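Given the structure is predicted, the values throughout are model-derived calculations rather than measurements. Sequence positions, counted from 1, serve as the residue numbers for this chain.
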Amino acid sequence: MCGRPQSSSPQLTVPSYSFCRVADDLIDDASSVEVARSWIARLTTFLTLSYPTEGDGKVDPSTIRAFVTKNFPPSAQLALLHLPTACLTPQPLFDLLAGFETDLLFPPAPSRPSDLTSTCNTTVLPDRTFPIATEADLDLYGARVAGTVADLCLQLVFHHHGALVPAATATALVGAGARMGIALQCVNIARDIAVDARLHRVYMPTSWLTAVGLTPETLITAAASRGSVEVEALRMKLLDKAFATYAEARAAIERLPHEARPPMRVAVESYMEIGRVLREGNEGGRVRIRMKDADKGGRATVPKLRRLRTA
């Protein structure tokens with residue numbers, strides 16, 4: 001929901017989003033789960049140093065700089081050192097890391113193809129439990145990895161335009177931002193079903209799969225063959241949830257200070273346009289989703305003219 005920074009505060013908004021992006025990249029690009037967890041541990045220490053709760057509670061910039069320089073690659077250091085912690089509360093940042101932890105809870109892929117196909121008609125074993133078991137788990141994950149970004153952006157809006165936003169309105173906006181984050185994350189998951197399956201990840205609730213006679217393992221197998229009726233039905237269920245949640249939260253954008261509305265609106269509508277493309281690609285039950293080249297991850301793409309109309 002953050003999108004482009006407001007013209008009045010690029011020096012704050014860009015570093016805030018950059019932190020989220022850098023943290024995501026460090027963990028996604030890690031060579032193993034152990035390495036990813038080490039990045040989360042270092043990011044947690046960075047936030048603990050940035051928001052001290054022990055001693056006199058004062059931030060020591062030299063200690064933070066030394067820690068960042070020693071523990072992070074040069075490409076990540078500016079995003080961390082320029083995070084405007086004086087304008088942000090720590091909870092959304094810690095919640096974001098908790099969301100990244102969920103990404104590391106998926107069971108490892110089978111070592112042999114036969115290990116996967118042999119599960120096609122069986123229930124997932126307890127030691128292969130997938131972390132998104134229920135719709136409540138999906139909502140929590142979406143709130144952590146996307147709703148937190150909305151929260152951070154809104155905090156910066158309130159920092160610059162606080163006099164224009166009554167406390168009750170600010171509370172309502174944060175709640176709507178969390179819901180919109182869930183909507184956008186559902187679009188993201190719907191777009192990336194096949195991409196995530198190749199990583200042996202299923203972000204759709206296991207309860208949804210069970211209701212149609214599938215397991216996470218069998219869905220991973222089905223997602224490998226484009227055109228699966230079961231996969232497309234689940235994709236549409238995710239998109240229905242995304243658009244229903246989006247419809248609930250969308251009006252809140254118009255309650256923002258005037259200067260903050262256009263970038264928020266563009267960020268949200270650009271992402272929801274991906275959802276519309278996915279829906280249109282599945283009209284009549286026929287899969288006609290326009291996909292990027294395989295080397296770009298096999299994700300749905302929005303035609304350029306539609307992107308211009310959204311902007």
Side-chain angles (χ1 to χ4, degrees), residues 1-24 79 82-89 91-93 95-96 99 139 141-191 239 241-279 302 304-311:
M1 193 170 176
C2 225
R4 296 176 182 176
Q6 303 171 59
S7 59
S8 62
S9 56
Q11 74 278 13
L12 291 178
T13 311
V14 170
S16 300
Y17 184 78
S18 294
F19 172 85
C20 301
R21 182 75 269 157
V22 163
D24 189 32
H82 288 225
L83 181 67
T85 53
C87 308
L88 303 172
T89 59
Q91 194 59 52
L93 297 164
D95 286 347
L96 180 68
D139 287 348
Y141 177 73
R144 283 176 169 173
V145 300
T148 51
V149 180
D151 193 336
L152 295 171
C153 289
L154 287 170
Q155 287 191 46
L156 293 174
V157 170
F158 303 153
H159 176 77
H160 286 277
H161 306 284
L164 303 176
V165 184
T169 300
T171 299
L173 288 172
V174 170
R179 296 295 295 164
M180 188 64 81
I182 292 170
L184 302 189
Q185 190 61 26
C186 283
V187 171
N188 187 54
I189 293 169
R191 180 192 64 186
L239 290 173
K241 176 180 174 64
F243 278 96
T245 308
Y246 157 80
E248 294 171 5
R250 183 185 180 190
I253 294 175
E254 306 311 315
R255 300 178 68 186
L256 290 167
H258 182 76
E259 296 89 341
R261 294 175 196 171
M264 293 291 190
R265 191 181 298 118
V266 168
V268 168
E269 293 301 329
S270 296
Y271 226 92
M272 295 309 296
E273 194 68 11
I274 295 173
R276 295 183 186 102
V277 169
L278 288 167
R279 269 184 162 178
V302 178
K304 289 181 180 178
L305 287 177
R306 290 182 68 160
R307 278 181 263 164
L308 289 172
R309 286 205 304 271
T310 302

- What residues, two or more places apart in sequence or in another chain, satisfy side chain to side chain contact (heavy atoms under 4.5 Å, CB included) together with A244? none
- All salt bridge (charged side-chain N to carboxylate O under 4.0 Å, His left out) counterparts of R255, not counting sequence neighbours: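 Expected list: none.
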- For T169, side-chain hydrogen bond (donor to acceptor under 3.5 Å, both in side chains) partners two or more places apart: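 Applying side-chain hydrogen bond (donor to acceptor under 3.5 Å, both in side chains) to T169 gives none.
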- Query: Who passes side-chain hydrogen bond (donor to acceptor under 3.5 Å, both in side chains) against Y246, sequence neighbours left out?
  - Reply: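 Checked Y246 against side-chain hydrogen bond (donor to acceptor under 3.5 Å, both in side chains); matches are R250, E269, R276.
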Can you tell if the side chain of [X] reaches within under 4.5 Å of the side chain of [Y], non-hydrogen atoms only?
{"X": "M272", "Y": "L184", "answer": "yes"}
{"X": "D151", "Y": "Q155", "answer": "yes"}
{"X": "M264", "Y": "L154", "answer": "yes"}
{"X": "N188", "Y": "V145", "answer": "no"}
{"X": "R144", "Y": "L96", "answer": "no"}

- Task: Go through Y17 and L152 one step at a time and tell me if the side chain to side chain contact (heavy atoms under 4.5 Å, CB included) criterion holds.
- Result: CA-CA 8 Å; Y17 184 78; L152 295 171; over 6 Å; no
- Item | Whether Q185 side chain and Y141 backbone form a donor-acceptor pair below 3.5 Å |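 Such a contact is absent between Q185 side chain and Y141 backbone.
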- Task: Start with the C-alpha distance between H82 and S18, add both sets of side-chain angles, then the distance that settles side chain to side chain contact (heavy atoms under 4.5 Å, CB included), and finish with yes or no.
- Result: CA-CA 9 Å; H82 288 225; S18 294; over 6 Å; no
For [X] against [Y], the heavy-atom pair lying closest together:
{"X": "A252", "Y": "A176", "value": "CB-CB, 3.4 Å"}
{"X": "C186", "Y": "A242", "value": "CB-CB, 3.7 Å"}
{"X": "D139", "Y": "K241", "value": "OD1-NZ, 2.8 Å"}
{"X": "P84", "Y": "L156", "value": "CG-CD2, 4.4 Å"}
{"X": "A143", "Y": "I182", "value": "N-CG1, 3.7 Å"}
{"X": "V165", "Y": "P257", "value": "CG2-CG, 3.6 Å"}

- Task: Give every residue pair that meets the salt bridge (charged side-chain N to carboxylate O under 4.0 Å, His left out) criterion with at least one member in residues 168-178, sequence neighbours excluded.
- Result: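 Of all non-adjacent pairs touching residues 168-178, none passes salt bridge (charged side-chain N to carboxylate O under 4.0 Å, His left out).
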- What residue pairs, at least two apart or across chains, pass salt bridge (charged side-chain N to carboxylate O under 4.0 Å, His left out) with a residue in residues 167-188?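 Qualifying pairs, neighbours excluded: R179-E248.
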- Item | side chain to side chain contact (heavy atoms under 4.5 Å, CB included) between I253 and L173, intermediate numbers included | CA-CA 8 Å; I253 294 175; L173 288 172; over 6 Å; no
- Which is it for V174 and F158 under the side chain to side chain contact (heavy atoms under 4.5 Å, CB included) test, yes or no, and what are the steps along the way? CA-CA 10 Å; V174 170; F158 303 153; 3.9 Å; yes
